[in-house]
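Lettering follows sequence order; numbering is per chain, from 1.
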Amino acid sequence: MAPVAQRPRGTQDLLPPDQPYWDAMEQAAQALALGFGYLRIETPSFESTELFVRGVGDATDIVTKEMFTFADRGGRSLTLRPEGTAPIVRAYFDAGMQLEPQPVRLYYLGSYFRSERPQRGRFHEFHQFGIEAIGDGSPLLDVEAVILAWKWFGALGLGGVSLHLNSIGDEVCRPAYRDLLREYYRPHLGELSADSRARFEKNPLRLFDSKEPQDQALKRDAPRIVDHLCEPCAEAFTTVKETLEAEEIPFSLNSELVRGLDYYTRTVFEYQHVSLGGAQNALGGGGRYDGLAGALGYKPTAGIGFALGMERTAMMLKEAKELAPLAPDVYAVAVEPKDERYVFHLAGTLRERGLRVIVDPSAARLDAKLRKAAKRGARVALLVGPEERQKGEAVVRDMRLKTQVSVAEREVVPTVTQALSAG
RNA sequence: GUGGCUUUAGCUCAGCUGGUUAGAGCAUCAGAUUGUGGAUCUGAGGGUCGAGGGUUCAAAUCCCUCAAGCCACCCCA
């Protein structure tokens, strides 16, 4: 009979061999975030659909074709979260965090859901490490976010990462720029791809996202938004750039970087990896979203954050270096069934000292058990046979040196500890 | 969502133009005179050949449908 189910499309199992990479990412995230004063928050895996429609933007690809939406029993429309920022802004106000000292700095690690066609490094359920600083519009917070993400890649020892930076203005200067862009493109509408013609009306900035050959030439000569920023936006952008330079964070300006979500204002940034394929080369990105809280019906409130993709980062990490799963310190073996309880007891004593101890449960021969001890990478084997049991002793074997000593029960812990700390 | 390629043991793959009980390496388990190891040797288990339907005396091998994966596009993490 065929199994009743298989892993759903676009999902994956994170198996024990994957965990060292995930541990490294989570630990680095936590250490860095706390170091910058960001505290952890986790919001629900699903929210009211309206939160994303209003927060992310009803014309975005996420909302129009990528959400996992379902109805609860009362007929309310719910959606598995496709991104983290709108829920966190919602939580910020729900919890009254606007009354705390501003800005409120938050970080999160969790899974997100988008129903795109799966591909390498792109899943229906994926994980992000992200931060949000809400309640203050200072460009120093933009710099803080950019640096924190940069340091994360650095802490993981991941090379080949590049930082791309742009400013897309705000509600003061962007409308004028949008008109300018339309004016530029209008005479060439016939030459554009169908997708781009649709963007011309809905969101001309996204004309820059196109990879269609016929759109490329036009893109090159299009007016750049950084040349049309209003005074406050330009000033903020200068602060961001100059501070990054002073901190020696390498970045490149990319006037075509617009990002897909409606709520971004001013600073936007993205991290790319050289060996991720052209289309999925983004490891993560972020930006300022001063318009989001207002769009969600809250008091207008500034915010800045990023989200970094953990699947893609794990992929690059695996290519860069090999991390082995945690091996046990001690592999405990009973020579005969009668010795098992004594071995079980000794293992417990060793665990109380914080050691990782595996008890062999099999009825196999001693050489087979030792073979397993070796394959598991145990540093020490603890052996008990009838002789040892009768004398109240145990054999402590150093698996690497292939030497062993028989010691009294009370000497087991110090002997094992010493063997583990040697070389 | 659109187009293309792929899908044989846990993993990596072989299987020529359709023909008897589908193979290899690695991995797993077990033995190699009985309380000692990752090597070597020997052996074993493990696949309804992605799923379903069709053509045929006969299909892993041809046709159709579906599913999953990969690549490009769309877009994003």
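- Side-chain N/O atoms of Arg9(A) include one lying less than 4.0 angstrom from OP1 or OP2 on G69(B).
- Residue-level contact check: Glu66(A) touches the backbone only, with heavy atoms under 4.0 Å from sugar-phosphate atoms and none from bases.
- Contacts of Gly10(A) with the nucleic acid, taken as non-hydrogen atoms under 4.0 Å apart, involve only primed sugar atoms and P, OP1 or OP2.
- Distance noted for atom C1' between G23(B) and A14(B): 7 Å (whole Å).
- If you check distances only, the side chain of Arg120(A) never reaches the base of G69(B) with a donor-acceptor pair under 3.5 Å.
- Shortest non-hydrogen contact noted between Phe52(A) and Glu83(A) is CE2-O, 3.8 Å.
- Counting distance only, with no hydrogens placed and no angle test, the side-chain atoms of Arg117(A) and the base atoms of G3(B) include a donor-acceptor pair under 3.5 Å.
- Nearest to the side-chain atoms of Gln128(A) among the listed nucleotides A77(B), G35(B), C73(B) stands A77(B).
- Here Leu308(A) lies out of heavy-atom contact (under 4.0 Å) with every strand.
- As judged by a 4.0 angstrom heavy-atom cut-off over every strand, Pro386(A) is placed among the base-contacting residues.
- Distances shorter than 4.0 Å separate none of the side-chain N or O atoms of Lys402(A) from OP1 or OP2 on G38(B).
- Residue Gln6(A) places no side-chain N or O under 4.0 Å from the OP1 or OP2 atom of A67(B).
- Pairing for C5(B) goes to G69(B), judged as Watson-Crick or G-U wobble with the two contacts each under 3.5 Å.
- In the set G69(B), G37(B), C73(B), the nucleotide with an atom closest to the side chain of Met399(A) is G37(B).
- Between Asp329(A) and Arg356(A), at least one side-chain N (NZ, or NE/NH1/NH2) sits under 4.0 Å from a carboxylate O, which counts as a salt bridge.
- The pair Arg105(A)-Glu144(A) meets the salt-bridge criterion, with a side-chain N (NZ, NE, NH1 or NH2) lying under 4.0 Å from an Asp/Glu carboxylate O.
- Atom NZ in Lys372(A) sits about 10 Å away from atom P in U28(B), given to the nearest Å.
- The side chain of Asp367(A) lies closest to U36(B) when the candidates are G69(B), U36(B), U28(B).
- In this structure, Phe126(A) packs face-to-face on the six-membered ring of A77(B), meeting both the 5.5 Å centre cutoff and the 30° plane limit.
- Cation-pi geometry between Lys318(A) and Tyr21(A) is met: the NZ or CZ atom falls under 6.0 Å from the ring centre, inside 45° of the normal.
- Here Ala381(A) lies out of heavy-atom contact (under 4.0 Å) with every strand.
- Interface remark: the Gln272(A) side chain does not form any donor-acceptor pair with the A77(B) base, using a distance-only criterion of under 3.5 Å.
- Looking only at distances, a side-chain donor or acceptor of Arg182(A) sits under 3.5 Å from a matching main-chain atom of Phe200(A).
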